Novice: 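Quick one: structure below, then a few questions.
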Amino acid sequence: MAEERSEIAFFDVETTIPLKPGESFIILEFGAILVCPKKLVELESYSSLICPKDISRISSKSERCNGISRAAVSSAPPFSAIADKIFDLLNGRIWAGHNILRFDCPRIREAFADIGRSPPEPKGIIDSLALLTERFGRRAGNMKMATLATYFGLGQQTHRSLDDVRMNLEVLKYCATVLFLESSLPDILTRDSWVSPTSTARRTRSGGRTSPMEISYAPNPDPMPENPSNQTMGEQLLNVVEPSRPETEPFDMRRLSEEIMDDAIQEDDAEEKRPITESPEMSRLSTIFEGCSSSSAYLIPEDVSIPLISASLVPFYRGSRRIQILHDTVLLKLHCTHLKVRFGISTRFVDQAGRPRLSFVVDAPPSVCQVLEACDNHAQSLFAESGSTSDWRPVVARKNGYWNFPTIRLHIPTVVTEDIAKYGTEIFQKEAASGVEQKLLFSTFDPPELDCLFTAGTFVDAFFSLNQYDIQQTAGIRLCAEKLVIHSN
């Protein structure tokens, strides 16, 4: 049964390169290895070239990238012919790979959808790009697989699926060994190991706000075991897995990390005082939202004094630091009223369990822009001094185009309790005639239902925090909605 599968499936896909806007990727090769989580030895391997329906989609640019030509795949099986094998390798196992959350996982889902089949589902996912960017810092440069392989002297990346997954496993072994040694003598061995002070360090055991857009709660470990000598290297690697279902694996999955994705959401300063033994079951979120209905913790833009805005680096974890946005000496949170929805709920990105990560875009009035751009300037200046090489993304989007309005993106986090996903934002509806606010209750996680509420032209009041992120070479300020009030028409 899938629930009993303990192996880690490292996999990689090679694809065509889209040449026109809106053009999809097409899988040309799939490769995977099954790895024993206790000893990190390869148990089984599989790879196959795949012939696409339209072989003309293999361009010269695509061939230069991975060396896969039209002639090479002309006699290869179509995806439908090997779908059963791929499903068997992946379904119910932990998935692992480099940048698989952004790239490989969506390609697998698209390929199965294209043949009218349900895709395989992971037990959990280890994305080594996000993981190593956080754990290993940028000492190895841009954290691409080729760069990491060069850093450790493992040879050149071939951009062929089976070679790449084997290289991925070796890179993880090397990085885990370095971190294992550093944890043994941190005052000596980490002295010269530069880690970006604004990188998203791992949280301690209590539930915490996690990476990109949404938050998925699970028991959170220390970055390294307190007693690493009692754990195998495989057990340490499993400490970073985020499960997408309850623990049923025969190996030790007691320590699970928070969601790893492309845009990390930092915690607010209330988390600094969290107890080490705190239950992972949403204790942090309930603490935040207990006071959400009160506007006393939030400032409207007109009450913000621009000269009082500042950014500071605060201690975070084992020498790392993070940026906080302050108004005077208090963490800045904003209450913005009557924001017009420009674009409704976006489900473009998914988390490691395949759930959409929700956000929507609103027009930003001048008063809001003035405050947020002042926050952005302070944070970016401090961020540049920290030495990170990530690209800074402005919090206010100003694009010349058909709408010509500055906009901001508000994120609706997702929280998971006992494998049940819920919205991490309190959502209310305000009656136009009476002005009475009524809290909306949702029995299921249903993005289309939410999309019907946040249609273009709808007005909302938003209570949100400003959280600095730095992950996968992109940094900026993320606006995380803690309460939303929808105005009824």
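Excluded from the calculations below are hydrogen atoms, water molecules and symmetry mates; all remaining heavy atoms, backbone and side chain alike, are included. This is a predicted model, so every value here is computed, not measured.
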Novice: Considering residues at least two apart in sequence or located in another chain, which fulfil the side chain to side chain contact (heavy atoms under 4.5 Å, CB included) criterion with S60?
Specialist: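 Applying side chain to side chain contact (heavy atoms under 4.5 Å, CB included) to S60 gives R64.
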Novice: Sequence neighbours left out, what passes side-chain hydrogen bond (donor to acceptor under 3.5 Å, both in side chains) with Q157? Give chain and number order.
Specialist: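 Applying side-chain hydrogen bond (donor to acceptor under 3.5 Å, both in side chains) to Q157 gives D164.
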Novice: Which residues pass the side chain to side chain contact (heavy atoms under 4.5 Å, CB included) test with I420, sequence neighbours left out?
Specialist: K422
Novice: Can you confirm whether E23 is buried at CD, in the sense that more than 12 heavy atoms of other residues, nucleotides or ligands lie under 6.0 Å from that atom?
Specialist: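 Enclosed.
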Novice: Scan for salt bridge (charged side-chain N to carboxylate O under 4.0 Å, His left out) pairs involving residues 438-466, sequence neighbours excluded, and state none if there are none.
Specialist: E426-K439
Novice: For E373, which residues count as a side-chain hydrogen bond (donor to acceptor under 3.5 Å, both in side chains) partner, sequence neighbours excluded?
Specialist: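 Only R398 meet the side-chain hydrogen bond (donor to acceptor under 3.5 Å, both in side chains) criterion with E373.
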Novice: Quick one: list whatever passes side chain to side chain contact (heavy atoms under 4.5 Å, CB included) with E110, sequence neighbours left out.
Specialist: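 P106, R107.
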Novice: Would you please name every residue forming a side chain to side chain contact (heavy atoms under 4.5 Å, CB included) with I306, sequence neighbours left out?
Specialist: I309, Q370, V371, A374
Novice: With sequence neighbours excluded, tell me which residues meet ring-ring contact (aromatic ring centres under 6.0 Å, His included) with F152.
Specialist: F136, Y174
Novice: Hey, which of F463, F360, F464, F428 is the one that makes side-chain contact (heavy atoms from CB on, under 4.5 Å) with L484?
Specialist: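 Filter result, single survivor: F360.
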Novice: Does E431 have any salt bridge (Lys or Arg N to Asp or Glu O under 4.0 Å) partners at least two apart in sequence or in another chain, and if so, which?
Specialist: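 Salt bridge (Lys or Arg N to Asp or Glu O under 4.0 Å) check on E431 returns nothing, list empty.
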Novice: Output all residues satisfying side-chain hydrogen bond (donor to acceptor under 3.5 Å, both in side chains) with T347, sequence neighbours left out; order by chain, then residue number.
Specialist: none
Novice: For E14, give me all partners under salt bridge (Lys or Arg N to Asp or Glu O under 4.0 Å), at least two apart in sequence or on another chain.
Specialist: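 Partners of E14 under the salt bridge (Lys or Arg N to Asp or Glu O under 4.0 Å) test: none.
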Novice: Apply side-chain hydrogen bond (donor to acceptor under 3.5 Å, both in side chains) to T147 and list each qualifying residue two or more places apart in sequence or on a separate chain.
Specialist: N142
